[in-house]
S.K.: 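Right, I'll just put the structure down here and ask away after.
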2 protein chains.
Amino acid sequence: MPYSNRKFKDAIYEQFGRIGKALASPKRLEMMDLLCQGPKTVETLSRQADQTLANTSQHLQVLRAARLVESEKNGLYVTYRLADDNVCRFYQALRALAESRLFEIAAITREFMEQRDSLELVKSDELALRMHRGEVTLLDVRPTDEFESGHIPGAISVPLAELESRLAELPRDQQIVAYCRGPYCVLSVEAISVLRKKGFRAVRMEDGVSDWKAAGLPVDIAE
Amino acid sequence: MPYSNRKFKDAIYEQFGRIGKALASPKRLEMMDLLCQGPKTVETLSRQADQTLANTSQHLQVLRAARLVESEKNGLYVTYRLADDNVCRFYQALRALAESRLFEIAAITREFMEQRDSLELVKSDELALRMHRGEVTLLDVRPTDEFESGHIPGAISVPLAELESRLAELPRDQQIVAYCRGPYCVLSVEAISVLRKKGFRAVRMEDGVSDWKAAGLPVDIAE
DNA sequence: GAAATATTCAAGTGTTCTATTGATTACTGG
DNA sequence: CCAGTAATCAATAGAACACTTGAATATTTC
């Protein structure tokens with residue numbers, strides 16, 4: 001059947017719309033953010049995004065229909081991952097656009113961080129310099145599997161859940177920098193709070209591994 | 001009122017979702033594409049996107065609520081424009097992601113171009129070279145106002161509507177390259193068809209001005 | 001093969017979105 | 001001030017969507 005001009009355009013923009021529709025839900029965006037950290041099972045995503053399993057599964061199917069994620073069944077578990085690196089980069093572009101266009105985001109973040117007394121930040125370029133000089137200890141407070149799928153070179157993996165029991169490993173004479181999934185992940189905020197209460201000098205780095213990577217800096221992967 | 005971690009995340013992703021929701025409609029994406037060509041009135045957009053005025057106005061308000069477009073009233077007309085260059089670049093990133101993830105797009109395009117006998121294409125880098133050598137005449141077949149808000153250096157403005165009456169201006173001994181808004185705009189396809197029927201040697205360039213610009217090439221603006 | 005578990009499916013409900021229609025507002029020019 | 005035009009608003013019907021619940025499926029383990 002022949003395409004009229006209008007039908008052709010409608011067909012094309014409908015395809016673009018498949019991507020757009022996949023991005024239209026806050027929960028799906030949160031899940032994409034989580035999947036930027038590495039592959040995850042449905043159950044893990046469900047827990048980390050605070051929603052029911054069935055709902056998580058349905059959202060994942062929407063993302064899969066837009067070909068933004070792929071899944072693979074391993075025994076009892078189904079593991080989902082972003083379809084390729086471009087998807088994570090695109091998610092970051094959306095995040096950057098939102099940050100630049102919507103001042104509400106900065107306002108919400110400032111209010112939250114103030115309340116958590118976590119306004120002090122280290123920038124990634126400054127961190128790189130001070131790591132090089134051996135002045136700081138870098139802590140990756142995400143779950144172990146995320147550390148293993150990619151982390152900042154030199155970082156020590158201390159998942160937030162283990163932090164209190166592993167304080168003895170950390171230096172008291174050096175500043176500690178903690179990072180997690182990115183600017184809107186609160187794991188490092190919690191970590192800073194714990195560390196300060198115990199008398200450590202600790203600050204947060206906003207960037208996650210994907211931001212670090214997007215800035216052209218190297219990333220280590222566990223074998 | 002204090003933010004819990006979950007409330008903070010929900011508030012942040014809800015903001016990201018504002019951008020996502022704005023992208024969830026094929027018609028809105030088409031309008032963003034059109035607005036990448038330059039500012040337009042509601043009436044113009046309505047005509048170019050083939051939809052009623054009221055519907056166009058409503059979609060524009062959704063885009064404005066997401067701060068992707070801005071409007072300005074001049075007398076009887078309201079002119080809408082993209083809020084900044086990043087919005088156009090982001091739209092192009094979405095388009096590129098869609099093209100890379102959804103094979104349907106290539107299939108639909110191929111079928112349409114075959115039927116219109118318009119498969120032959122010139123790449124932008126090849127065009128730049130041949131323009132420099134004076135081997136080709138470059139035709140911008142978009143409406144005049146779009147030409148004026150930005151065009152490829154050296155291009156002649158011959159809106160499709162005027163093409164048949166201005167054939168005398170065009171060379172018969174040289175290849176003619178026509179371009180329009182981008183790969184999914186059909187103005188240049190129509191132009192090629194007219195030109196060939198009249199015995200000219202004509203091929204299409206897929207890229208529009210914003211693609212040309214995104215590739216780091218210079219753009220001329222009429223004073 | 002039965003129990004346990006991860007995931008998906010199916011159905012239902014309330015909400016949000018799209019497109020249409022007709023009315024209304026805002027502005028210009030006579 | 002009136003007529004004409006661009007744009008928006010308001011109300012609506014129908015479609016699509018998000019989330020919940022409970023059942024079904026697939027796989028592993030005992």
Side-chain angles (χ1 to χ4, degrees), chain A residues 6-7 9-11 13-32 34-35 39-66 68-81 145, chain B residues 6-7 9-11 13-32 34-35 39-66 68-81 145:
Chain A
R6 182 35 51 192
K7 273 192 186 160
K9 285 191 197 175
D10 284 350
Y13 289 107
E14 189 191 325
Q15 294 298 320
F16 294 174
R18 288 172 67 185
I19 305 286
K21 282 188 213 295
L23 306 170
S25 144
K27 275 293 173 201
R28 283 198 291 272
L29 291 170
E30 182 171 357
M31 290 163 71
M32 283 178 70
L34 288 165
L35 287 171
K40 290 176 190 291
T41 65
V42 182
E43 197 267 330
T44 307
L45 273 165
S46 151
R47 192 167 17 83
Q48 294 183 346
D50 272 312
Q51 53 179 352
T52 64
L53 203 70
N55 204 20
T56 304
S57 175
Q58 279 169 184
H59 276 309
L60 284 167
Q61 284 168 69
V62 173
L63 289 172
R64 185 167 50 193
L68 297 179
V69 306
E70 285 167 354
S71 65
E72 183 194 359
K73 185 150 190 175
N74 295 317
L76 210 46
Y77 292 84
V78 177
T79 300
Y80 280 82
R81 69 187 71 231
D145 60 313
Chain B
R6 182 33 55 190
K7 273 191 186 163
K9 285 190 196 176
D10 284 348
Y13 288 108
E14 188 191 326
Q15 294 297 320
F16 293 174
R18 289 172 66 184
I19 305 286
K21 282 188 212 299
L23 306 171
S25 144
K27 276 293 173 199
R28 283 198 291 272
L29 292 169
E30 182 172 356
M31 292 166 69
M32 283 178 69
L34 288 165
L35 286 171
K40 288 176 190 293
T41 64
V42 182
E43 198 267 328
T44 307
L45 274 165
S46 151
R47 193 165 18 82
Q48 296 183 345
D50 273 312
Q51 53 178 352
T52 64
L53 202 70
N55 204 19
T56 305
S57 176
Q58 278 169 191
H59 276 308
L60 284 167
Q61 283 168 69
V62 174
L63 289 173
R64 185 167 49 194
L68 297 179
V69 307
E70 286 167 354
S71 66
E72 183 195 357
K73 186 151 190 172
N74 296 316
L76 208 47
Y77 293 84
V78 177
T79 301
Y80 280 83
R81 70 189 69 233
D145 61 312

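Every chain is numbered from 1, with letters handed out A, B, ... down the list of sequences. Heavy atoms only: backbone and side chains are in, while hydrogens, waters and symmetry mates are out.
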S.K.: Taking B:K40 for its side chain and B:L45 for its backbone only, find out whether a donor-acceptor pair lies under 3.5 Å.
M.R.: no
S.K.: With a 4.0 Å cut-off, would you call A:R18 and A:E14 a salt bridge?
M.R.: no
S.K.: Given 3.5 Å as the limit, does a donor-acceptor pair link the side chain of A:Q61 with the main chain of A:S57, or not?
M.R.: yes
S.K.: For B:D145, check side-chain hydrogen bond (donor to acceptor under 3.5 Å, both in side chains) against everything at least two apart and list the hits.
M.R.: none
S.K.: I'd like to check the side-chain hydrogen bond (donor to acceptor under 3.5 Å, both in side chains) partners of A:T44; sequence neighbours left out, ordered by chain and number.
M.R.: A:T41
S.K.: Determine: side-chain N/O of B:H59 to OP1/OP2 of C:dA19, distance under 4.0 Å, yes or no.
M.R.: yes
S.K.: Going 5' to 3' on DNA chain D, which nucleotide is the first and which the last to come under 4.0 Å of a heavy atom in chain A?
M.R.: D:dC17 to D:dT28
S.K.: B:R28 has an atom CZ; how far is it from atom C1' of C:dA19, in whole Å?
M.R.: 12 Å
S.K.: Please set out all donor-acceptor pairs under 3.5 angstrom arising from side-chain atoms of residues 68-81 of chain A, sequence neighbours excluded.
M.R.:
| from | atom 1 | to | atom 2 | distance (Å) |
| --- | --- | --- | --- | --- |
| A:S71 | OG | A:R64 | NH1 | 2.6 |
| A:E72 | OE1 | A:R81 | NH2 | 3.3 |

S.K.: If the sugar-phosphate is the primed atoms plus P, OP1 and OP2 and the base is the rest, what is the B/S/- string for nucleotides 3-10 of chain C, using protein heavy atoms under 4.0 Å?
M.R.: --BSBBBB
S.K.: Measure the distance from CG on A:N55 to P on C:dG12 and round it to the nearest whole Å.
M.R.: 18 Å
S.K.: Mind calculating the distance between NZ (A:K21) and P (C:dC17) to the nearest angstrom?
M.R.: 12 Å
S.K.: Can you list the residues that meet the side-chain hydrogen bond (donor to acceptor under 3.5 Å, both in side chains) rule with A:S25, with sequence neighbours excluded?
M.R.: none
S.K.: Just by distance, do the side chain of B:K27 and the backbone of B:A49 share a donor-acceptor pair under 3.5 Å?
M.R.: yes
